[in-house]
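This report refers to the structure that appears directly beneath it.
Note on naming: letters A, B, ... go to the chains in the order of the sequence lines (proteins, then strands), and numbering restarts at 1 for each one.
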Amino acid sequence: LSYCQIIHIVSFCRGSVWGCSPRNFYTGERNYSHNSSSEFYSSLGLEGFSVADTSGTVEEDTDSAILYGTLRGSIVGLRYYKGVVNNNEMVALQREPNNPYDKNAVKVNNVNGDQVGHIKKELAAALAGIMDNKLAVVEGVVPYGAKNVFTMPVQMSFWGREENKEAVLDQLKMHGFKLAPPLKGKSCTFWISGKTGPTYSAPVHAAVHLTTEQLKSEFDKLFEDLKEDDKTCEMEGAEAVGTLLLPHQKQALAWMVSRENSDNLPPFWEERNNFYYNILTNFAVKERPKNVLGGILADDMGLGKTLTTIALILTNFQDGKPLPVEKITTSTFIQSVEKKYSEDGPRTTLIICPLSVLSNWIDQFEQHTSQDFHLNIYIYYGSDRNKDPAILSEQDVVLTTYNVLATDYGIRDDSPLHKIKWLRIVLDEAHTIRNPNAQQTKAVLSLEAHRRWVLTGTPIQNSVKDLWSLISFLKLKPFTDREWWHRTIQRPVTMGTPGGLRRLQSLIKSITLRRTKISKVKGKPILELPERKVLIQHVTLAEEERQIYQSVKKEGKVAINRFFNEGTVLAHYADILGVLLRLRQLCCHPHLCTNTSSSFSVGSNTPEELRQMLVNKMKLVLSSGSDEECAVCLESLTLPVITHCAHVFCKPCIYEVIRSEQPNASCPLCRSELRVEHLVECSLEEELNSSNGKKGGQEWISSSKINALMHALIELRKENPTIKCLVVSQFTTFLSLIENALKKSGFVFTRLDGSMAQKKRVEAIQCFQSSQAGSPTVMLLSLKAGGVGLNLTAASRVFLMDPAWNPAAEDQCFDRCHRLGQKYNVIITKFIVKDSVEENMLKIQNKKRELAAGAFATKKPSASEIKQTKINEIKALIDL
DNA sequence: ACCGCCGGGTGCC
DNA sequence: ACCGCCGGGTGCC
């Protein structure tokens with residue numbers, strides 16, 4: 001295979017994983033393919049990975065639908081059904097193929113889902129084919145005669161894609177029906193509602209189809225000026241909240257508490273002479289419709305959604321009262337715990353989040369709950385999770401992930417989470433359920449709760465479509481049914497119907513609180529982050545170091561050159577990564593790469609021996625802590641697995657490749673056979689643990705880079721001994737070497753890396769964050785340690801000891817101290833060895849940054865562009 | 001009258 | 001349904 005061919009394969013696989021492949025990738029057996037893929041993932045225990053969004057087909061149809069025309073028909077058999085309608089009320093037409101009297105039967109339901117009657121059979125005969133073949137969507141409105149006893153008229157609108165129009169007209173013609181053209185006077189008359197004035201726009205042609213860009217900017221406007229009175233009141237957290245809330249967090253708390261305790265009518269409902277009217281559908285009911293006791297908290301990242309939600313749980317604990325005090329001492333504890341709850345009604349909050357933030361929730365509960373108060377928190381996760389609903393519903397908080405929830409839900413009758421009526425459900429990072437057909441979404445939507453919250457930083461990611469799952473989760477009538485959502489909100493907005501956006505905005509306003517990083521509270525910016533500066537500190541290797549570096553480089557260069565000439569670059573991927581790794585390690589410290597053999601996989605070995613050698617090499621690269629890239633998603637590896645052919649990918653990425661290429665999948669990089677049972681998982685944590693051990697007997701020596709670091713640290717200590725620093729490296733063994741230097745110079749330090757147990761991490765973080773005299777001033781931090789929530793604001797200096805391939809990984813690391821709560825300007829120093837692979841890495845990083853910044857404006861790179869980039873990268877890195 | 005017309009019975013799909 | 005439709009009763013003017 002030529003390099004060119006290989007790269008082409010890579011780009012194809014990438015497309016299919018992320019849903020960019022041709023649209024018909026998933027068409028046909030939609031449900032089957034969804035179920036099978038989610039089962040596929042859950043059976044493999046894949047967490048935190050959402051199945052590619054395949055919501056293309058049906059939704060796209062309705063989005064690009066045009067109005068073919070309208071037709072008057074009649075609804076018959078009214079006296080047999082209890083569903084009632086008002087004049088001008090929308091009705092739903094639903095096929096009923098199993099009707100024993102007529103296989104063409106079409107039911108008519110009101111907005112509430114109660115059957116009103118049937119479409120008269122002659123008309124039903126014409127509609128059946130159209131509806132069954134999804135040639136058109138047929139929507140009805142009862143223009144008048146709503147109080148009739150036997151039959152009533154229905155005005156039908158036919159919507160579909162342009163290319164189906166002829167087929168629909170033919171089908172109708174065959175049965176003797178003809179559509180009246182859309183628009184023009186007549187069709188408008190029945191859209192004018194009663195005396196409260198016109199709330200409707202005519203269901204006309206798409207006068208203005210907004211472009212994606214236009215829509216996007218319109219959405220942004222939706223969230224502007226949400227500064228209403230009910231959202232600017234402040235509320236102090238209850239005593240149980242152990243952290244002082246910032247003004248904007250107090251506002252959010254007040255708003256959330258009021259949402260949970262109020263009984264206002266939901267949006268678009270009005271009380272009219274003893275009835276409750278929905279002004280969008282004209283549906284009326286006698287019973288007061290319930291508002292959602294909750295809503296959407298859509299603040300930007302970093303404003304403290306987690307903290308605010310914890311404050312809500314503690315402050316509005318039960319019956320509008322806060323969590324009572326609880327001394328966790330003595331045997332009276334059990335008794336008082338039992339007393340703290342009112343006898344009936346649910347008392348448990350269920351929090352569902354992606355795996356990546358699970359530990360953040362645990363940390364934050366720990367950090368923000370006062371000492372004298374006690375919350376029972378159960379982490380519903382892992383194969384040994386307790387599935388007894390009785391136990392779960394005794395907790396104050398149950399934490400779980402979307403994947404665990406969906407896995408349970410997939411196994412019939414084995415989901416305790418679905419057997420409990422929760423006091424409150426919180427969906428964190430709720431945009432992960434925006435695909436309405438995904439198993440996760442279905443599992444979430446079928447949970448029961450009194451109060452419902454959605455936390456998300458990005459409420460609308462691509463279009464209004466994304467909102468439906470969230471609105472449906474909130475159980476806002478009538479939007480739980482997708483048809484009403486579509487007819488009253490989604491279509492008016494996407495078609496640019498006058499008032500459509502205003503309607504959406506009014507909905508959002510009534511249930512959402514959103515502030516951005518640049519929002520203001522009482523005229524002041526909500527977040528005033530100090531400056532962040534990145535400095536590059538060049539390091540020159542000492543003579544002995546340089547000699548070792550040059551000899552390894554020379555050897556590697558010769559080998560890689562040969563691979564290029566032979567066209568076996570990708571077959572020796574592990575070798576190349578190995579060379580680059582050794583060079584990067586030599587920039588840090590000569591002892592880092594003593595354990596890696598530098599011999600190349602050639603010579604008299606059997607192919608099997610060769611393969612095993614390459615796989616072992618890849619393992620060594622990964623176990624060093626190096627933050628490598630996945631060739632499928634081009635991001636940092638998550639859950640790395642090594643293939644038979646010694647290439648490495650994210651586990652979810654490669655499983656998706658295998659799944660989509662069933663039954664004969666091949667490696668995206670080299671086209672070798674790809675089989676699940678050949679994949680080797682590389683559990684980084686274990687490897688890290690084993691490499692953490694002291695280098696027995698080896699004498700401690702410093703290195704040029706360590707010297708540079710120590711010089712900077714000591715200067716800093718002279719200047720201001722209270723300043724705290726993060727010392728970051730990908731290589732945990734390097735951190736261990738640095739420990740020696742720190743000890744020698746008398747620094748008090750702590751350490752945080754991926755191999756540490758949860759409890760030790762919390763200790764390390766608390767210890768470092770403490771401002772007490774004698775607390776550590778240096779934290780040794782591995783680049784990828786901790787989740788997004790990791791808060792190390794005590795540090796205002798960062799020393800990045802080695803560059804990463806992925807600049808985003810570095811930025812994330814910097815944000816751990818450059819975030820809410822940081823009081824000082826943050827200075828980041830990157831140590832880069834002169835004339836080394838590190839300098840070349842910086843160049844590549846810059847290119848990647850430029851690419852990422854321009855990604856919005858420019859097109860995706862073509863296969864050949866990617867190929868050229870890759871070749872150039874490898875060449876540039878090794879100075880070829 | 002293998003029709004028309006009358007008036008009672010009846011009624012979704 | 002103050003309709004349509006069905007099918008039985010009936011039958012010159």
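Between the C1' atoms of C:dA1 and C:dC5, the separation comes to 12 Å (whole Å). Here, B:dC3 and C:dC12 have their C1' atoms 15 Å apart, quoted to the whole Å.
We find that NZ of A:K121 is positioned 13 Å from P of B:dG11, with the value rounded to whole Å. If you take CD of A:E122 and C1' of B:dC13, they are 11 Å apart, rounded to a whole angstrom. Separating the CG atom of A:L127 from the P atom of B:dC12 is a distance of 19 Å, rounded to the nearest angstrom. With rounding to whole Å, A:Y101 atom OH is found 8 Å from B:dC13 atom C1'. For the pair A:N98 CG and B:dC12 P, the interatomic distance rounds to 21 Å; values are reported in whole Å. Summarising the geometry, the separation between OH on A:Y80 and P on B:dC12 is reported as 3 Å, rounded to the nearest angstrom. In this entry the distance linking CD of A:Q115 with P of B:dC13 reads 12 Å, nearest Å. Whole-Å rounding puts the A:H118 NE2 to B:dC13 P distance at 9 Å.
Taking the ring axis of A:W453 as reference, the NZ or CZ atom of A:R259 does not stay both within 45° of it and closer than 6.0 Å to the ring centre. Within the cation-pi definition used here (under 6.0 Å to the ring centroid, within 45° of the axis), A:R79 does not qualify as a partner of A:F150. Judged by a 6.0 Å distance limit and a 45° cone about the ring axis, A:K286 is not positioned over the six-membered ring of A:Y276.
With respect to A:E448 and A:K419, no salt bridge is recorded, no charged nitrogen being found less than 4.0 Å from a carboxylate O.
A distance below 6.0 Å separates the ring centres of A:Y81 and A:H118.
Within the shown strands, nothing qualifies as a pairing partner of C:dC13 under the Watson-Crick or G-U definition with both distances less than 3.5 Å.
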Just the atom pairs and distances: protein N or O near nucleotides 1-6 of chain C's N or O, under 3.5 Å.
unit_1: C:dA1; atom_1: N1; unit_2: A:R79; atom_2: NH2; d: 3.4

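Residue A:I75 is classed as having no contact, given no heavy-atom separation below 4.0 Å to the nucleic acid. Residue contacts for A:K107: at a heavy-atom cut-off of 4.0 Å it reaches no nucleic acid atom on any strand shown.
Side chain of A:N99 to backbone of A:K103: no donor-acceptor contact under 3.5 angstrom is found. Using modelled atom types, one side-chain atom of A:H418 and one backbone atom of A:A443 make a donor-acceptor pair closer than 3.5 Å.
For B:dC13, the base has a donor-acceptor partner in the side chain of A:N99 [N/O atoms by modelled type, under 3.5 angstrom].
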